[in-house]
Amino acid sequence: MKQDFKKISSQVVDWYLKNGRHNLPWRKKVTPYRIWISEIMLQQTQVKTVIPYFNAFIKKYPTLQKLSLATEDEILASWSGLGFYRRAKNIFAAKEIIKKNHSNKFPSQFDSIIELPGIGRSTAGALMSLAFLVPQPILDGNVKRVISRLIRKNIAALKEKDLWELSTKLVNSEDCFSYTQGIMDLGATVCTKANPTCNACPLNESCLSAFKVPQQVNVKKAKNKKIILMSFALVQTKKSLLLTKNDTESIWSSLWIPFENSKMQSHANKLELTRNEKFRHELTHRSLDLDVNIYFSSKEFKLDTNQKYEWIKKDRIEDYGMPKPITKLIQQL
DNA sequence: CAGCCGTGGGC
DNA sequence: TGCCCAAGGCT
């Protein structure tokens with residue numbers, strides 16, 4: 001098989017200039033800081049989901065200098081509902097490093113960028129190509145799909161190393177910005193997972209697949225999702241809610257959630273059970289069965305615990321990072 | 001290094 | 001419905 005990768009690359013650029021998604025918020029004003037935030041938010045998260053979070057984040061933290069003053073909790077609060085909360089913690093950790101080691105200016109060298117927590121090879125490549133206009137390959141879901149179709153192989157049949165090599169070959173050194181944006185736009189809008197529109201694809205001629213082969217088969221075995229039981233005691237007074245900062249390292253790390261029911265046993269005499277909510281919350285790998293006792297207490301009380309907790313004023317809950325189901329529960333109170 | 005981390009959308 | 005998976009990275 002002989003494919004002219006240089007030609008393909010410039011076709012991507014041409015296509016992007018005419019047909020790319022030029023109106024995405026992070027493409028309007030391009031700065032390393034804005035590219036960074038958008039790239040982190042976009043990890044494993046669809047564009048449509050990210051847009052409102054990005055706009056709100058940038059409104060709150062328009063510049064790296066503004067962000068440099070934020071606490072981890074404040075950043076987590078901006079992340080409420082977006083998922084993969086470690087990303088928010090990594091943003092906090094990274095901006096602390098940038099403050100200490102880079103004079104509060106986003107580093108421009110690949111080696112410095114990839115050292116920042118939450119930034120791997122692909123995100124570092126995107127930052128180089130998009131923010132600093134230094135050609136570097138990326139390898140996200142879009143690029144993997146486009147490449148594997150180009151050479152008519154299943155993604156599953158290609159090793160990570162091979163995909164990186166192909167991605168590296170494709171990088172356009174004359175306009176790495178348009179290429180990088182373009183290859184992602186192409187994957188997202190034309191070379192889609194299901195029902196790609198090959199007749200609208202600039203690469204149709206050179207594509208060995210051209211959708212003549214079926215979709216790449218899924219190799220992941222469908223495993224039984226583990227069901228996790230979570231029993232919560234959501235305690236409220238008239239004006240406040242009792243929440244604790246989750247100190248586990250697994251799901252919802254560092255987010256604010258109710259205490260476990262068992263932890264509230266010793267305070268049962270102060271609590272009036274309002275109602276009980278049982279529902280399932282689905283994650284990709286797990287099913288969470290939530291069993292929430294909703295209690296009313298006439299006043300706030302102190303707890304004997306090592307866990308960090310607060311009686312959070314109801315009009316301040318937006319200042320705290322919380323997972324989706326807890327946010328939903330609170331809204332229904 | 002396979003498993004893990006969240007949520008929403010598509011089929 | 002249930003499953004895949006989306007601008008991945010970390011351990």
Side-chain angles (χ1 to χ4, degrees), chain A residues 16 20-21 24-27 34-54 76 79-91 93-94 113-131 136-146 155-156 159-161 163-164 167 177 179-189 191-196 215-226 228 246 248-255 257 280-288 321-328:
Chain A
Y16 170 74
R21 295 176 294 180
L24 297 174
W26 44 91
R27 288 184 184 167
R34 289 166 59 98
I35 296 289
W36 171 44
I37 298 302
S38 69
E39 288 297 327
I40 300 298
M41 285 188 171
L42 286 160
Q43 289 171 355
Q44 298 290 284
T45 311
Q46 294 184 345
V47 166
K48 189 177 174 185
T49 305
V50 166
I51 289 174
Y53 279 88
F54 178 82
L76 279 165
W79 221 266
S80 278
L82 189 56
F84 281 144
Y85 297 96
R86 191 172 56 177
R87 295 181 294 177
K89 300 176 71 171
N90 282 335
I91 283 180
I113 292 173
I114 202 169
E115 276 178 14
L116 298 171
I119 299 182
R121 185 173 173 188
S122 188
T123 302
L127 272 156
M128 292 307 291
S129 291
L130 299 174
Q136 287 288 333
I138 60 170
L139 192 59
D140 62 348
N142 289 314
V143 175
K144 284 181 183 176
R145 188 171 54 255
V146 172
I155 291 177
K159 293 177 179 171
E160 203 81 349
K161 181 171 170 288
L163 287 164
W164 271 111
S167 176
F177 180 94
Y179 164 75
T180 302
Q181 299 282 19
I183 193 79
M184 290 190 285
D185 281 6
L186 195 60
T189 66
C191 193
T192 49
K193 179 182 50 168
N195 308 318
Q215 289 304 293
Q216 28 298 62
V217 283
N218 219 321
V219 280
K220 283 182 190 168
K221 313 161 206 163
K223 283 180 232 159
N224 288 338
K225 268 203 229 176
K226 201 189 284 182
I228 312 282
N246 182 10
T248 69
E249 289 300 323
S250 61
I251 299 169
W252 301 337
S253 174
S254 299
L255 299 188
I257 58 177
R280 175 166 286 187
H281 181 74
E282 297 287 356
L283 308 182
T284 304
H285 300 290
R286 299 193 172 168
S287 297
L288 309 181
M322 293 172 198
K324 202 69 177 182
I326 303 304
T327 304
K328 217 179 286 179

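In what follows, every chain begins at residue 1, and chains take the letters A, B, ... in the order their sequences are listed.
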For [X] and [N], what is the distance between atoms [atom1] and [atom2] respectively, to the nearest whole Å?
X         : N       : atom1 : atom2 : answer
Leu116(A) : dG8(C)  : CG    : P     : 19 Å
Phe84(A)  : dC10(C) : CZ    : C1'   : 11 Å
Gln181(A) : dA7(C)  : CD    : P     : 13 Å
Asp185(A) : dA6(C)  : CG    : C1'   : 14 Å
Lys193(A) : dA7(C)  : NZ    : C1'   : 15 Å
Arg87(A)  : dT7(B)  : CZ    : P     : 11 Å

How would you label the contact of [X] with the nucleic acid (heavy atoms, under 4.0 Å): base, sugar-phosphate, or nothing?
X         : result
Arg27(A)  : base
Ser38(A)  : nothing
Trp26(A)  : base
Leu82(A)  : base
Leu283(A) : base
Leu24(A)  : base
Gly81(A)  : sugar-phosphate

Say we look at [N] and [M]: how far apart would their [atom1] atoms be, to the nearest angstrom?
N       : M      : atom1 : value
dG10(B) : dG6(B) : P     : 23 Å
dA7(C)  : dC4(B) : P     : 23 Å
dA6(C)  : dC1(B) : P     : 23 Å

Once ring-ring contact (aromatic ring centres under 6.0 Å, His included) is applied, do any residues pair with Phe177(A), and if so which ones, sequence neighbours excluded?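 Counting only residues at least two positions away or on another chain, Phe177(A) forms no ring-ring contact (aromatic ring centres under 6.0 Å, His included).
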
ring-ring contact (aromatic ring centres under 6.0 Å, His included) with Tyr16(A): which residues, sequence neighbours excluded?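 Scan of Tyr16(A) (ring-ring contact (aromatic ring centres under 6.0 Å, His included), adjacent residues dropped) gives His22(A).
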
Ignoring hydrogens and angles, answer whether the base of dG9(C) and the side-chain atoms of Arg86(A) contain a donor-acceptor pair closer than 3.5 Å.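 It does, because a donor-acceptor pair links the side chain of Arg86(A) to the base of dG9(C) below 3.5 Å.
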
Would you state whether a donor and an acceptor, one from the side chain of Arg145(A) and one from the base of dA6(C), lie under 3.5 Å apart?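 For Arg145(A), whose side chain was compared with the base of dA6(C), there is no donor-acceptor pair (under 3.5 Å).
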
Write down the atom of Lys89(A), the atom of Ser254(A), and the distance for their closest heavy-atom approach.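 Scanning both residues completely, I find the closest heavy atoms to be NZ-OG, 2.7 Å.
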
5'-most by nearest nucleotide on DNA chain B - Lys226(A) or Lys48(A):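 Comparing both residues, the 5'-ward one is Lys226(A).
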
Are [X] and [N] close enough that a side-chain N or O sits under 4.0 Å from OP1 or OP2?
X         : N      : result
Tyr85(A)  : dT7(B) : yes
Trp252(A) : dT7(B) : yes
Arg286(A) : dC5(B) : yes
Thr284(A) : dC5(B) : no

Return yes if a side-chain donor-acceptor contact under 3.5 Å exists between Gln136(A) and Ser129(A), otherwise no.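 Gln136(A) vs Ser129(A): no donor-acceptor pair found between side chains.
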
Which value, rounded to the nearest 0.5 Å, describes the distance between Thr123(A) atom OG1 and Ile113(A) atom CD1?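 So the gap between those two atoms works out to 10.5 Å.
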
Not counting sequence neighbours, which residues clear side chain to side chain contact (heavy atoms under 4.5 Å, CB included) with [X]? List them please.
X         : result
Asn142(A) : Asp140(A), Arg145(A), Met184(A), Ala188(A)
Thr327(A) : Met322(A), Gln331(A)
Gln44(A)  : Phe84(A)

Could you check whether any side-chain N or O of Arg87(A) sits under 3.5 Å from a backbone N or O of Ile40(A), counting only pairs where one atom can act as donor and the other as acceptor?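 Such a contact is found between Arg87(A) side chain and Ile40(A) backbone.
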
Relative to the 5' end of DNA chain C, which residue comes earlier, Met184(A) or Asn90(A), by the nucleotide with the nearest heavy atom?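 Closer to the 5' end of DNA chain C: Met184(A).
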
Considering only heavy atoms, which members of residues 40-47 of chain A lie under 4.0 Å from some atom of DNA chain C?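 Residues of residues 40-47 of chain A under 4.0 Å from DNA chain C: Leu42(A), Gln43(A), Gln44(A), Gln46(A), Val47(A).
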
